Amino acid sequence: MLSFGEALAYATKQAMEHDARVFAYGEGINDPGGFFGSTAGLKEAFSEARCFDVPNSEDALMGFGIGASLMGYRPLFVNLRVEFLMLAMNQLVNHAARLPAMSGYQYTIPLTVRAIVGKSWGQAAQHSSALHSMFANIPDLQVVVPSSVEDAPRLLLASILSDAPTVFIEIKSLYDCKALVHLPIEPLPLGKAHVVRQGSDITCVAISDMVGFAQRVSEQLVADGIEAEVLDLRSLAPLDSAAILNSVSKTKRLAVFDIGWEPFGLAAEVARIVSTSAYHRLDAPLLSIARRHEHTPASCFLEEQHYANEEHAANSIRALVRG
Amino acid sequence: MLSFGEALAYATKQAMEHDARVFAYGEGINDPGGFFGSTAGLKEAFSEARCFDVPNSEDALMGFGIGASLMGYRPLFVNLRVEFLMLAMNQLVNHAARLPAMSGYQYTIPLTVRAIVGKSWGQAAQHSSALHSMFANIPDLQVVVPSSVEDAPRLLLASILSDAPTVFIEIKSLYDCKALVHLPIEPLPLGKAHVVRQGSDITCVAISDMVGFAQRVSEQLVADGIEAEVLDLRSLAPLDSAAILNSVSKTKRLAVFDIGWEPFGLAAEVARIVSTSAYHRLDAPLLSIARRHEHTPASCFLEEQHYANEEHAANSIRALVRG
Amino acid sequence: MALTNLPQQLLRDLHEKMFLIRAVEERIKVEYASRRIRGPVHLSIGQEAAAVGVLHACRQSDVCVSTHRNHAHYLAKGGSLAGMVDELFGLDTGCCKGYGGSMHLMDLNANLILSSAILAGSIPIASGIAFALKNEGTKRVCIGFLGDGATDEGVFFETLNLAALMKLPLLFVVENNAISTMTTFSKRQAVPDVVGKAERFGVRGMTVDGNDVLSVYHAAQDILQGMRQTHEPFVLETVTDRLCAHVGPIVYPSGIGADDTLQSRWMREPMLILNEKLRSEFPDQLDASLARERNLRESVDQVFIRGAQRFDADALRLQLPAAPPAQDVRRV
Amino acid sequence: MALTNLPQQLLRDLHEKMFLIRAVEERIKVEYASRRIRGPVHLSIGQEAAAVGVLHACRQSDVCVSTHRNHAHYLAKGGSLAGMVDELFGLDTGCCKGYGGSMHLMDLNANLILSSAILAGSIPIASGIAFALKNEGTKRVCIGFLGDGATDEGVFFETLNLAALMKLPLLFVVENNAISTMTTFSKRQAVPDVVGKAERFGVRGMTVDGNDVLSVYHAAQDILQGMRQTHEPFVLETVTDRLCAHVGPIVYPSGIGADDTLQSRWMREPMLILNEKLRSEFPDQLDASLARERNLRESVDQVFIRGAQRFDADALRLQLPAAPPAQDVRRV
Ligand SMILES: Cc1ncc(C[n+]2csc(CCOP(=O)(O)OP(=O)(O)O)c2C)c(N)n1
Ligand SMILES: Cc1ncc(C[n+]2csc(CCOP(=O)(O)OP(=O)(O)O)c2C)c(N)n1
Ligand SMILES: [Mg+2]
Ligand SMILES: [Mg+2]
């Protein structure tokens, strides 16, 4: 049994063992228990030359990773919070994502950027927002959103092995989970969704810790005779539209479970995929399950209202399926 | 007749005359012909105290505007390219958008940020991308996308008068236009779409210079007996869902014309609005007209393929309406 | 500064503020264990002198911005105690109505208008505030607190330049505890010299003992007086120690060295230094001082008790699980 | 550096590179009017000495990154001329297959691997390149060009710190033409002193006459030799003049002062200085030098003519409107 953090550390270690061009860096990466265990042991195994602490300079550090990538390295830049990437957006969006195209595809940028979405426990507005939709709008940037201890190391390994710049978004709540992880880690293909539950009444498209949420909601619905199909997208870019359309062609109903905000978010993108398809039509309105479109409040009382609620989601699906 | 730039300059002047707390700043703001005429005459009319040039420090400058806003000023921060805002995303997203909520709504941030989307003439990847979708995902941030010389000054005035932080996104192609502008400028309400053309066969939702594009396409379609309704959203946040649903309830067909990329973009958001509505269903797949999901190539030959094409859009609508 | 010149009132006032902050934070440690305060908290224990010294020297009308480690600034600037405690408990009677929490304490009445948990996030914002204050024509200044960690961020230097160029009445107080979470200053900067750098950007600076509230106070008084004339920015570096872990009220600290280092730090901590001065200077005031401490502690306790009661009532009413799932709060 | 010590070959090589760049850019001016080059171009006319001096002193295997004003760097580093010209014409035979254009010339074969049109955009990237080069164990260095305008951006200082801290073999060449579009250095920075600031961040620096290619060359040679031993970063400031408008090949420049200033600038421009040296030093080489210029100009013309022909063919084939709508290219 490995914890989420241990599983990520294992995958990183494996990548670093396998390829000397992989190195990891981040603010506080070598703190005892740093990054919730997900970087533990790297320094010991590979020395500070390949796993190093850095100044608090996100913008420069993102550029640093790009530069090393241009020279053939496969850097892993670890960030404690996804909000910190806002300081590095110029390098991420204007450079990491664009340079391969701008150069006429003379080179690739195999940079992986890990960032954690805080959740609950009063993290408040600046430490718990989910900003994946922003990244997924940008061409040539991969956005990976693991949902489980089993998948996360496999997707991380795939990200590190991939030649495209990749933002790998974890959510803090998953760090509490443990699971059996097959060793050595086998990379998963990016852009392939995973049917985590089969069903015929409604397609639940989910990412990150909302996959578990959707699974729990689905279990609740069994008593009502509702069989939900739960699809874990695993990555937002590339996004497995075929898997969504395939499932929807069977269920004709669709719910989207996002860790982020609705406007211009995942539910929107999934709606676009289905709406623009010539062959697939829904029999019912699309149901969107997401956090409120507000900055996360700090208070535990307000947090309760901010995040999606399983009971409420189950009721919404019941109402939808019963028509 | 005013040009697009002159109209914006006029609105800014009017706002500054009316309210001493309005001031403007930006890199090169007082250059002769600076910002394509849109800041011309401000320094002369109000002195450098209220219209000033600044160092190339976008991150600090965005924070500067937030600070002045917190003290009751209404700053106008002018940027030559929307890409330059990537350097200031931490201040824009983590601060301007969030602080009012984080403070428990103790204050507002009446900051307006102008930014121009370059278009054509080999601007290439770093000077011609449209990044509005990113901003529109964020709570409490207004995103305004004017489509014409008539609207732009009225929307700019509304943005400056508004208490919420606002990103005002212009597109370079509109700077070539001239029109009669009613003076003095009357602010338009933000979040109200405008039916620029009535029709019953298809709803064309558009923004920025794609409104003119949609209008021209619609005129082409008249010969085919197709009457398109063209809806100019004017702002993406707030977004006038009611107007979209209203039009769609009549036409049952929908095309979205965006200046940006499709994934997690405007077509996605409009699809979400229609798909989640319990009362509105489309009779045909949603049609998305947008630039290619690639970084803008520099070459004039490649640009031709990158941007949406009116002929092609007209054909797609014909095919859609004829079923 | 000869101690014998010290007015008794000044020492009294400084002692009162210092003790209040310490008492509040010691109480937070206790209350945290009850799981009523749910969120990351960054204690200022050991660093109170910078906040109290500078903010006692400034005017109420001066505007202050702060960071993730803002408790001391908030209280020293005159922020409402009940507003703070209720905010920590997540109540709608908190200074930010529960939206902000520990990392975002703000109180407009006290002119502590911003606390950002993004490193250096409040720094450029301070420049805009200073611009507004200068435009007003009054002699108000803006005071921006930051840690040595925030001076790694490029925006700090952009802002120094802006402040020098525009001659903004902006005082940066860099609380240099020589650590950022668990990474020391000298591991992060090739030249860990804040004042030297600031001067190269055209901003004058000065370093003081950040554990000696009187030194800080007198330095700040001089600086602020000068700034009100010149409208020029200034960087005051206060050298200090963090005595707790970076985050979470863990009594036994992590990342700040071994036991002996810690012990020596506790031997030069601000309350100790201040109390020694009080005792040597005004030995007859010892009883009064102890009585003040008792009173302060009692009133702090009262505020916490009232907050806890309201928390319990709200938890009941809103059916919040009484004990939330265990969380790793050591590093958040 | 006594001129009499100059080997003839060195002067010849420098002259060849300098003249090539000048000839290419003069030709761009002409071709621009034909509307075949469609895009903003930032000419290096007047600033060629920094590019040629530094990049002649470095090795082919050293890696270089550049900015919006990259023509001189690209050519001086050995980038393919046809690749550049075809790129300007937007052809798929361009160095970036038409994706990059004037602002993003890159040629991996020449180790000019990046040109960013975002101010200071390539700066931190250079640090990662330098890290990789250092790790390799060879003595290669990374050379990052930037303008004075880019030193307004905070990331420049973050990168200086990173480079000093990690001891990266990174040479920043700051082409200080004292202007950013139309805003002078001293209007943008309270202390417009690049080298002074760099030193405070732990990076040694030096200023040279950026119009004198020999000064630049010799300085760069010394610096690079040192860096290959120490692996330490360095900032070389080259003081120079922009002789054209910021963008667009407008012959009569805007934003760089009145007529007389401009005239005096033309009196100290790099080609003039170099030609005078050539003449005084090796008067017998004058004919050879003129012949070289003629040959260079001719071969440049050939490349442009071939490019223009391909452009026309492609325009015909792809049915591109021959004359695009008039554009305001003065300020893009
Ligand atoms: C942009 C950003 N990067 C990283 C962090 C994580 N972080 C929070 S506090 C902190 C250390 C701050 O050190 P310093 O500024 O010296 O303040 P101190 O905690 O010592 O008072 C870090 C790295 C952050 N909040 N924001
Ligand atoms: C982040 C960013 N801000 C602003 C600009 C607009 N811009 C392009 S070039 C330039 C001036 C650059 O000046 P400098 O670095 O001195 O180079 P020079 O043009 O003088 O060679 C500016 C402001 C930009 N490209 N990127
Ligand atoms: Mg610190
Ligand atoms: Mg310059």
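To find a chain, count down the sequence lines: A is the first, B the second, and so on, and within it residues start at 1. The structure presented is a predicted model; accordingly, all values stated were derived computationally and were not measured. Computation of the quantities below employed the complete heavy-atom set of this structure, encompassing side-chain atoms and omitting hydrogens, waters and symmetry-equivalent molecules.
Proximity to chain A among residues 88-100 of chain C is limited to Phe89(C), Gly90(C), Leu91(C), Lys97(C), Gly98(C), Tyr99(C), Gly100(C), judged by heavy-atom separations below 4.5 angstrom.
The side-chain contact (heavy atoms from CB on, under 4.5 Å) test with Thr183(C) singles out one residue from Ile29(A), Asp53(A), Asn30(A), and that residue is Asp53(A).
Contact count versus chain A (heavy atoms, under 4.5 Å) is highest, among Ser102(C), Gly101(C), Ser180(C), Ser116(C), for Ser116(C).
Residues His104(C) and Gln126(A) meet the side-chain proximity criterion, which asks for heavy atoms closer than 4.5 Å. Residues Arg188(C) and Asn56(A) meet the side-chain proximity criterion, which asks for heavy atoms closer than 4.5 Å. Contact of the Glu27(A) side chain with the Thr181(C) side chain is not registered, since no non-hydrogen atoms from C-beta on lie closer than 4.5 Å.
Note that the CG atom of Leu87(A) and the CG atom of Leu119(C) stand 8.5 Å from one another [nearest 0.5 Å]. Gln189(C) CD to Ser57(A) OG: the interatomic distance, rounded to the nearest 0.5 Å, is 7.5 Å. From Asp314(C), atom CG reaches atom CZ of Phe301(A) across 4.5 Å, with rounding to the nearest 0.5 Å. From Ser120(A), atom OG reaches atom CZ of Arg38(C) across 10.5 Å, with rounding to the nearest 0.5 Å. Here OG of Ser299(A) is found 8.0 Å from CZ of Phe311(C). Values are rounded to the nearest 0.5 Å.
With a threshold of 4.5 angstrom between heavy atoms, Ile116(A) does not approach chain C through any atom at all. In this structure, the portion of Leu318(C) lying under 4.5 Å from any heavy atom of chain A is its side chain and not its backbone. Tyr175(A) does not touch chain C: none of its heavy atoms, backbone or side chain, sits under 4.5 Å away.
Residues Glu58(A) and Glu153(C) approach most closely at OE1-OE2, 2.6 Å, considering heavy atoms. Contact record, Ala117(C) with His127(A): O-CE1, 3.2 Å, taken as the closest heavy-atom pair.
Distance alone, capped at 3.5 Å, places no donor-acceptor pair between the Asp152(C) side chain and the Pro55(A) backbone.
Between Trp121(A) and Tyr32(C), the ring-plane angle classifies as perpendicular under the 30° and 60° cut-offs.
Of the charged side-chain nitrogens involved, at least one lies within less than 4.0 Å of a carboxylate oxygen, so that Glu48(A) and Lys187(C) count as a salt-bridged pair.
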